[in-house]
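Reminder, nothing fancy here: chain letters follow the sequence lines and each chain counts from 1. In this text, all values refer to a predicted model and were calculated from it rather than measured experimentally.
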Protein chains: 2
Amino acid sequence: MDISVLHNSILFKDFDDTEISELLKALNAAEKKYNKGAMIFSSGEITDKLCFVTAGGVTIESNDMWGNRTILNLVGKGQFFAESYALLPDVPMLVDVCAAEDCSIVFLSMKSLADLNDTIRARLLANLLTITTRKNLHLSSRSFHTAPRQVRGRIMAYLNTVSVQKHSREFDIPFDRQQLADYLNVERSVLSNELSKMQRDGLIRCRKNHFEII
Amino acid sequence: MDISVLHNSILFKDFDDTEISELLKALNAAEKKYNKGAMIFSSGEITDKLCFVTAGGVTIESNDMWGNRTILNLVGKGQFFAESYALLPDVPMLVDVCAAEDCSIVFLSMKSLADLNDTIRARLLANLLTITTRKNLHLSSRSFHTAPRQVRGRIMAYLNTVSVQKHSREFDIPFDRQQLADYLNVERSVLSNELSKMQRDGLIRCRKNHFEII
DNA sequence: CCCAAAATGTTGTAATTACAACATACTTTC
DNA sequence: GAAAGTATGTTGTAATTACAACATTTTGGG
């Protein structure tokens, strides 16, 4: 198992190597590999596993009964997912989780939290709280980015956020066109078209996933 | 201050009256009243206050520069909001918070968490984790409900979730038409129109906020 | 009970988006 | 470096939605 990524994760912030090893044992840590496109969780499943990406990345998606896909989130190396479902183990998942590329996932049992002593538990809970809170902000951001009714508004809302986060008018985005379209909940071709128009209108410059706001 | 609502809140679950009183003091609890429509937080503000609704209700909204409003969440009596911003105090809010009706809000300082002893702190953190996790699911749900591209799809996704939650094909929803339209990110008139069509098509029956799925 | 105000429903037209089909550009592999 | 595969850009048409304007219903005082 690739321990080093876990050691640098938010979950084990302020824990030393010995403590981490003990915690991994206490939480029944197990690693599993997936090929690109593989489904890790399906809508309706129930789990108590907190999931950590040690390599590659996954997408959190909503796939409706008419075949429309919406990417709700991208989760990359060093990040967690399914924490809501792990911590509320009676709630069935509303989303699918797929391997965006070949990836490795470590599963940690949240049932086992109760067995830890109070001090360790408090430290772990504080870190878990940071994880869920940040995830919360990601979800809020997506609501914010898909709130504008028109495609141009959504693109600008999104690019503006990335620009603010990176403290620069010039930046790379972590999506290709199809993924960005799915994230913003618009048609890929409509997105391409609108990006062209926005360049013609002198609002932005872009080439592949590199953007500049003018 | 209306203590009884706080005593029944998730945050103070498993705390007795004495402990709660001490905690309220330690967290600098302060109550404030707002009239319907009043703005409680504006986009861009920074806060470390965990907010609790003791009476009435508030809406979490995204208001874009073209005047479009999107209701991201309704927060009612006995519920919390702004916990993400309170727990990550360097992050500016991306949303507005408005009084949906006359309401009272209790503000709790999250900076003061660090001053608590470990045992109390662990118990409080566990409860906070439940709050953020549930809030997380609400946000996920909204992504899910607005994922379908078409109005009918969004309505059905939403009604289906409510129906599952209430274990019944017949139920009340907590939105009026304008609020449901804002929540689903569609035009109010388009929503009314589509609901009429769905009744004509024999999919649902509805009258005001009472719905029946057929 | 009546009135005024608010909420909801209906309709038509203009604007936008979805979708398909195809063109072009870029990548990878042999 | 050619071929195949993938990603991105463009265009036109059909379908959907936005918006405004108005009709109808419901609600809450007086």
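What separates CE of A:M198 from C1' of D:dT8 is a distance of 17 Å, to the nearest Å. One interatomic measurement links the two molecules: CD of B:Q199 to C1' of C:dT10, which rounds to 14 Å at whole-angstrom precision. Put simply, CZ on A:R177 is 6 Å from P on D:dT8, counting in whole angstrom units. At whole-Å resolution of the value, CZ in A:R200 and C1' in D:dT11 are 11 Å apart. In this structure, the CG atom of A:L195 is 17 Å from the P atom of D:dA7, given to the nearest Å. What separates CD of A:E101 from P of D:dT6 is a distance of 17 Å, to the nearest Å.
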Report task. Test side-chain hydrogen bond (donor to acceptor under 3.5 Å, both in side chains) on A:S109 and A:D48 and set out the steps. Result -> CA-CA 6 Å; A:S109 164; A:D48 80 313; 3.1 Å; yes
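Ring geometry for B:Y158 versus B:F175: interplanar angle of 30 to 60°, hence tilted.
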Which pairs of donor and acceptor atoms, one on a side chain in residues 207-214 of chain B, lie under 3.5 Å apart (sequence neighbours left out)?
| unit_1 | atom_1 | unit_2 | atom_2 | d |
| --- | --- | --- | --- | --- |
| B:N209 | ND2 | B:I173 | O | 3.0 |
| B:H210 | ND1 | B:D172 | OD1 | 2.6 |
| B:H210 | NE2 | B:E170 | OE2 | 3.0 |
| B:E212 | OE1 | B:R205 | NE | 3.4 |

Enumerate, atom names and distances included, each donor-acceptor pair closer than 3.5 Å involving a side-chain atom of residues 80-87 of chain A, sequence neighbours excluded.
| unit_1 | atom_1 | unit_2 | atom_2 | d |
| --- | --- | --- | --- | --- |
| A:Y85 | OH | A:L94 | N | 3.2 |

Name each donor-acceptor pair under 3.5 Å that joins a side chain in residues 189-198 of chain B to protein atoms two or more places apart or in another chain, with its distance.
| unit_1 | atom_1 | unit_2 | atom_2 | d |
| --- | --- | --- | --- | --- |
| B:E194 | OE2 | B:R152 | NE | 2.7 |
| B:E194 | OE2 | B:R152 | NH2 | 3.1 |
| B:S196 | OG | B:S192 | O | 3.1 |

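Listed candidates were C:dT16, C:dC19, D:dC19. Nearest to the side chain of A:Q150 is C:dT16.
Note on the helix from C:dC1-D:dG30 to C:dC30-D:dG1: terminal axis deviation equals 50°, with five pairs used at each end and the result rounded to 10°.
For residues 207-214 of chain B, proximity to DNA chain D is found at B:R207, B:K208, defined as any non-hydrogen atom under 4.0 angstrom from a strand atom. Across residues 179-193 of chain B, B:R188, B:S189, B:S192, B:N193 each have a non-hydrogen atom less than 4.0 Å from an atom of DNA chain C (numbered order).
To the nearest 0.5 Å, atom CG of residue A:L159 and atom SG of residue A:C206 are 8.5 Å apart.
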